Amino acid sequence: MRFLTAGESHGPQLAVIVEGFPARVPISAGIIDHDLSRRQKGYGRGGRMKVETDRVVISAGIRHGLTLGSPILLTVTNRDWTRWNKVMAAEAMDGELDDPKIVGDERLGSVGAQLSIPRPGHADLAGSLKYGMTDLRNILERSSARETTTRVAAGALARALLLEFNISIGSYVQRIGGVGDETLRLPSSTEVLRVEESPLRCLNADMENNLTQVIDEAKERGDSLGGCFIVYAKGLPVGLGSHVHWDRRLEGRLAQAVMSIPAIKGVEIGMGFNSAEKPGSEVHDPIIFKPNTGFQRTSNNAGGLEGGITNGEPLLIRAAMKPIPTLYSPLESVDLTTMESASAGVERSDVCAVPAAAVVAEAMTAWVIAEALIEKFSGDNLEDMKAAYKLYHERLEQQFRIG
């Protein structure tokens, strides 16, 4: 199973093609739109979220509410395209792009339609040097986090498949700008509901108030903030992933998927870096056996993975997001047209997007787990997968009395 995305931040639309998805999985546009909406929320988001209301168009691979087993094509229209249709036109344009008649949008910011001053922390300069582009807009339009819209759409498909096997995925924000706590656990059912209602995906009101204040202060300074969030998965069966090859170990696959999200600079599984500071007796999870439920751990420092394989405990992932590179009080940079010092350009941006990044990370986590599920219980359709899933658990029950 794989997906491929296409589209620019201010192009006419974003698209994702999903290949290898099982047939007969129930899917509706509403299921996908729900997660697209969750991605757009969050205190500290910028003006773009006031312009776009993402809605998916299912163009192929789904009929009468069920997947067909053929490639799935999903598209999301950029409503802002109407203001950028000349700036981002596919055909050659006559005249200078920064001509007001061509731009036609006062909200382009100080960078205009063309950009020659790279923003520190962004892909602008490295991408320009790699691809030989003198107009940095050719880089920033694709490197923009707007691309994650399509990842969330693909992840919604994966989440729908996982729910058929009672596997659920969620997230919550742990810290922003150095403020918060070190909570690493599964939230209660009440906390899950609260997180979805919270503009900062916080477990409690006190933390939300503190983080709101920190974001407001950063906005006043023209600055941006990063933070940490937790992604978790419940209901995972034992045996997803593999220990036999480096590229099949699930820790590596999950870390790569989450690290590929723009601005994510660190990923931990379970205890993560803290395990390097403790003796083995305080890190490894003791194993017990109960006649009715089988093997269990008395703790979950491993975060649900041992040797590249799920062990039946909940999956716990912690990710660190750097501050967004676009600053309204810009840092020093260099104008590529003159090679002289200049302030970095200002493109419409967020102050903080940690809550949104957590939703994107949910989608990427769901995708990797669904991919591993299909590998383990391979089938062309949902019924075959469920039959293989049932047979596997019956075998474990007979051998080891694992429920």
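This is a predicted model, so every value here is computed, not measured.
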Would you say that more than 12 heavy atoms from the other residues, nucleotides or ligands in this model lie under 6.0 Å from the CG of D380, or not?
no
Once you measure the plane-to-plane angle for H393 and F377, does it fall in the parallel (<30°), tilted (30-60°) or perpendicular (>60°) bin?
parallel
Near R2 CZ, under 6.0 Å, is it more than 12 heavy atoms from other residues, nucleotides or ligands?
no
Is there a donor-acceptor pair under 3.5 Å between the side chain of T5 and the backbone N or O of T150?
no
Under-4.0 Å salt bridge between R159 and D35:
yes
Over all atoms of both residues, closest heavy-atom pair of N300 and P314
ND2-O, 2.9 Å
For the residue pair I288 and F295, establish whether any side-chain heavy-atom pair is separated by less than 4.5 Å.
no
Under 3.5 Å, is there a donor-acceptor pair between the side chain of S198 and the main chain of L200?
yes
Is a salt bridge present between E91 and K86, judged by a nitrogen-to-oxygen distance below 4.0 Å?
no
Contact between I32 and L157 at the side-chain level, heavy atoms closer than 4.5 Å - yes or no?
yes
Short question: side chain of E268, backbone of R318 - any donor-acceptor pair under 3.5 Å?
no
Does the side chain of I317 reach to within under 4.5 Å of the side chain of V267, using non-hydrogen atoms?
yes
Heavy-atom pair of closest approach, residues P355 and P199:
CG-O, 3.9 Å
Can you find a pair of side-chain heavy atoms, one from M364 and one from S260, that are under 4.5 Å apart?
yes
Supply the atom-to-atom distance S59 OG to L73 CG, rounded to the nearest 0.5 angstrom.
4.5 Å
Residue set satisfying side chain to side chain contact (heavy atoms under 4.5 Å, CB included) with P262, at least two apart, ordered chain then number -> A145, T148, R151
Nearest atoms (heavy-atom pairs only) where A158 meets A366:
CB-O, 3.5 Å
Would you mind checking if K41 and E196 are paired as a salt bridge, meaning a charged N to carboxylate O distance below 4.0 Å?
no
Would a 4.5 Å heavy-atom cut-off, applied to side chains only, mark L36 and R55 as touching?
no
If only atom types and distance count, is the side chain of T365 paired as donor or acceptor with the main-chain N or O of A361 below 3.5 Å?
yes
Taking the side chain from E147 and the backbone from E8, do they hold a donor-acceptor pair closer than 3.5 Å?
no
Rounded distance (nearest 0.5 Å) linking atom NZ of K376 with atom OG of S242
9.5 Å
The test is side-chain contact (heavy atoms from CB on, under 4.5 Å); show your working for F21 and L68 and say whether it passes.
CA-CA 8 Å; F21 198 82; L68 301 177; over 6 Å; no
Closer than 4.0 angstrom, basic N to acidic O: yes or no for E208 and R201?
no
Show your reasoning for whether salt bridge (charged side-chain N to carboxylate O under 4.0 Å, His left out) applies to R248 and E375.
CA-CA 10 Å; R248 295 181 63 190; E375 291 170 359; 5.3 Å; no
Using a 6.0 Å cut-off, check whether atom NZ of K219 has over 12 heavy atoms from anything other than its own residue.
no
What's the verdict on side-chain contact (heavy atoms from CB on, under 4.5 Å) for L316 and L184, showing C-alpha distance, side-chain angles and the deciding distance?
CA-CA 8 Å; L316 292 172; L184 178 62; 4.2 Å; yes
Spell out, as yes or no, whether a donor-acceptor pair under 3.5 Å connects the side chain of R142 to the backbone of G7.
yes
Just jot down the side chain to side chain donor-acceptor pair (under 3.5 Å) partners of T337, sequence neighbours excluded, or say none.
D335
Side-chain donor-acceptor contact under 3.5 Å, D124 with H122
yes
Return yes if some donor-acceptor pair links the side-chain N/O of E332 with the main-chain N/O of S343 below 3.5 Å, else return no.
no
Nearest non-hydrogen partners of Y392 and G239, listed with the distance:
OH-CA, 3.9 Å
Between the side chains of R146 and N78, is a donor N or O closer than 3.5 angstrom to an acceptor N or O?
yes
Hey, could you give me the CD/CD1 distance between E164 and I167, rounded to the nearest 0.5 Å?
11.0 Å
For R24, does the CZ atom sit with more than 12 other heavy atoms under 6.0 Å from it, leaving out its own atoms?
no
On a heavy-atom basis, which atom in L336 and which in S128 lie closest, and how many Å separate them?
CD1-OG, 4.0 Å
Please report whether the ring centroid of Y172 lies less than 6.0 Å from that of F229.
no
Looking at CD1 of I230 and CD of E362, how far apart are the two atoms once the value is rounded to the nearest 0.5 Å?
12.0 Å
To the nearest 0.5 Å, what is the distance between SG on C202 and CD on E197?
13.0 Å
Tell me, with the steps shown, if F165 and M385 meet side-chain contact (heavy atoms from CB on, under 4.5 Å).
CA-CA 10 Å; F165 295 87; M385 285 187 67; 3.8 Å; yes
Does any part of the side chain of L161, heavy atoms only, come nearer than 4.5 Å to the side chain of L382, both counted from C-beta?
yes
Could you tell me whether a side-chain N or O of K322 sits under 3.5 Å from a main-chain N or O of G121, the two making a donor and an acceptor?
yes
Audit row: I215, Y43, side-chain contact (heavy atoms from CB on, under 4.5 Å) steps and yes/no
CA-CA 8 Å; I215 292 172; Y43 192 81; 4.0 Å; yes
Spacing of N209 atom CG and N204 atom CG [to the nearest 0.5 Å]:
9.0 Å
Can you find a heavy atom in the side chain of L140 that is under 4.5 Å from one in the side chain of L115?
yes
Hey, does the side chain of S333 reach the backbone of I117 with a donor-acceptor pair shorter than 3.5 angstrom?
no
Any donor and acceptor pair, going by atom type alone, linking the side chain of N381 with main-chain N or O of D384 inside 3.5 Å?
yes
Can you name the nearest heavy-atom pair linking R175 to V354, along with the distance?
O-CG1, 4.5 Å
Do E313 and K234 make a side-chain contact, defined as non-hydrogen atoms from C-beta onward lying under 4.5 Å apart?
no
